[in-house]
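Report on the following structure.
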Amino acid sequence: MPEGPQMVFLKEQAEQFVGQTVLLAEGSAKHVPNNRLQGQVLTEIKTYGKEFLFCFSSFAICIHLMLFGKYAINSRLDRELRLGLEFETGEINFYACDCRLIEKELSEVYDWSTDVMSTLFDKAKALEKLHTKPERQISDAILDQSILAGVGNGIKNEVLYRRQIHPESMVGAIPEVELLKLVNECVKLSFEYLTWIREGTAKQHWQVYQKKECPRDFIPLQKGKTGKQLRSSYYCDRCQRLFLPDVL
DNA sequence: CGTACTGTTCGGGA
DNA sequence: GTCCCGAACAGTAC
């Protein structure tokens with residue numbers, strides 16, 4: 001489940017290679033010429049939302065695990081290698097992921113004020129952007145990576161449940177205070193999620209995502225595709241309030 | 001064995 | 001331009 005917190009966790013795991021030289025680059029990634037990487041010193045690792053960035057002196061490699069991506073540190077998986085980097089003390093290997101070469105300045109490509117895991121995250125800006133499309137369902141809006149980068153479908157379901165907001169609520173009908181609490185919850189849950197990943201207990205902490213029963217009301221959860229994106233939503237009809245515009 | 005799914009990009013058409 | 005839809009990608013679980 002590659003959401004923002006997993007990318008930060010991966011960064012923590014990979015940081016052992018910062019400062020080291022790429023001895024060998026392998027793999028089938030189309031847009032990443034292996035000869036560009038060989039001999040380069042890894043200067044920094046960054047993340048942006050669900051993206052993972054290896055930074056070198058004059059370019060960066062962006063990796064997105066998409067739905068099915070996998071990685072292995074100091075081991076290999078039995079499948080086609082997309083991008084493998086061998087360093088002085090070990091190796092990191094990526095599979096079934098999207099890899100891109102970035103030659104522009106990262107500040108031209110990424111706006112860290114939209115990344116919920118970044119210290120630069122700006123909740124006022126997120127609220128402002130949410131208001132630009134008031135007709136959208138909140139379940140779609142919350143997955144918008146240009147507003148809340150790093151939030152995926154799991155976090156989406158959990159924050160809506162915690163804030164007791166029905167996923168099919170319309171953004172424009174949700175009171176400002178509730179919207180602000182929801183944005184704050186996205187950040188809070190993402191960081192809690194990171195601590196659970198570090199402990200290896202993440203699965204135990206989901207309250208509704210891929211669950212069958214509401215932990216508050218002990219009634220069956222609803223499961224269905226919501227919004228224009230038709231992504232899976234798990235929610236409780238009783239305790240999650242549906243905000244719709246007043247029809248007069 | 002068929003289907004669903006943690007996500008995004010691209011192109012075509014309205 | 002902008003919005004919206006479907007296709008494509010690809011691994012695993014049920």
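In what follows, chains carry the letters A, B, and so on, assigned in the order in which the sequence lines appear, proteins first and then strands, with residues in each chain numbered from 1.
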Requested in this report: Could you tell me the separation between the CD atom of A:Glu80 and the P atom of C:dT12, rounded to a whole number of Å?
Outcome: 13 Å
Query raised in the report: Can you tell me if A:Ser28 and A:Glu80 form a side-chain donor-acceptor pair at under 3.5 Å?
Result: yes
Query - Between C:dC3 (P) and A:Glu135 (CD): distance, integer Å - result: 12 Å
Report task. For A:Glu88, look at atom CD and say whether over 12 heavy atoms of other residues, nucleotides or ligands are found less than 6.0 Å away. Result -> yes
**Report entry** Pairing of A:Lys181 and A:Glu185 as salt bridge, 4.0 angstrom limit
**Finding:** no
Query - Qualifying residue for ring-ring contact (aromatic ring centres under 6.0 Å, His included) with A:Tyr193, from A:Trp206, A:Phe9, A:Tyr209 - result: A:Trp206
Query raised in the report: Any side-chain N or O of A:Lys228 under 4.0 Å from OP1/OP2 of C:dC5?
Result: no
Query - N or O in side chain of A:Lys50 less than 4.0 angstrom from B:dT8 OP1/OP2 - result: yes
Query raised in the report: More 5' along DNA chain C: A:Arg79 or A:Met66, using each one's nearest nucleotide?
Result: A:Met66
Query raised in the report: Considering only the P atoms, how many Å lie between C:dA7 and B:dT3, rounded to the nearest integer?
Result: 15 Å
Requested in this report: Indicate, with a heavy-atom threshold strictly under 4.0 Å, whether A:Lys223 touches base, sugar-phosphate, or nothing.
Outcome: sugar-phosphate
**Report entry** Any A:Gln145 side-chain nitrogen or oxygen under 4.0 Å from OP1 or OP2 of B:dT8
**Finding:** yes
Query raised in the report: With a non-hydrogen cut-off below 4.0 angstrom, is A:Arg100 in contact with a base, only sugar-phosphate, or nothing?
Result: nothing
Report task. Specify the residue among A:Phe68 and A:Asp98 whose closest nucleotide of DNA chain B lies further upstream toward the 5′ end. Result -> A:Phe68
Report task. Check whether any side-chain nitrogen or oxygen of A:Arg231 sits under 4.0 Å from OP1 or OP2 of B:dG7, and answer yes or no. Result -> yes
Query raised in the report: Whom does B:dG2 pair with, Watson-Crick or G-U wobble, provided both distances fall under 3.5 Å?
Result: C:dC14
**Report entry** Nearest-angstrom distance from the residue atom OH of A:Tyr71 to P of C:dG11
**Finding:** 17 Å
Query raised in the report: When the distance from CZ of A:Arg82 to P of C:dC9 is rounded to whole Å, what number comes out?
Result: 11 Å
Requested in this report: Return the value, rounded to whole Å, for the distance between atom CG of A:Leu67 and atom C1' of C:dA8.
Outcome: 12 Å
Requested in this report: Decide, yes or no, whether a salt bridge links A:Glu12 with A:Arg198 under the criterion of side-chain N to carboxylate O below 4.0 Å.
Outcome: yes
Query raised in the report: For A:Gln210 and C:dC14, what is the distance between atoms CD and C1' respectively, to the nearest whole Å?
Result: 12 Å
Report summary line: A:Lys70 atom NZ is separated from C:dA10 atom C1', nearest whole Å, by 10 Å
Query raised in the report: Could you state the CG-P distance from A:Leu143 to B:dT9, rounded to the nearest angstrom?
Result: 14 Å
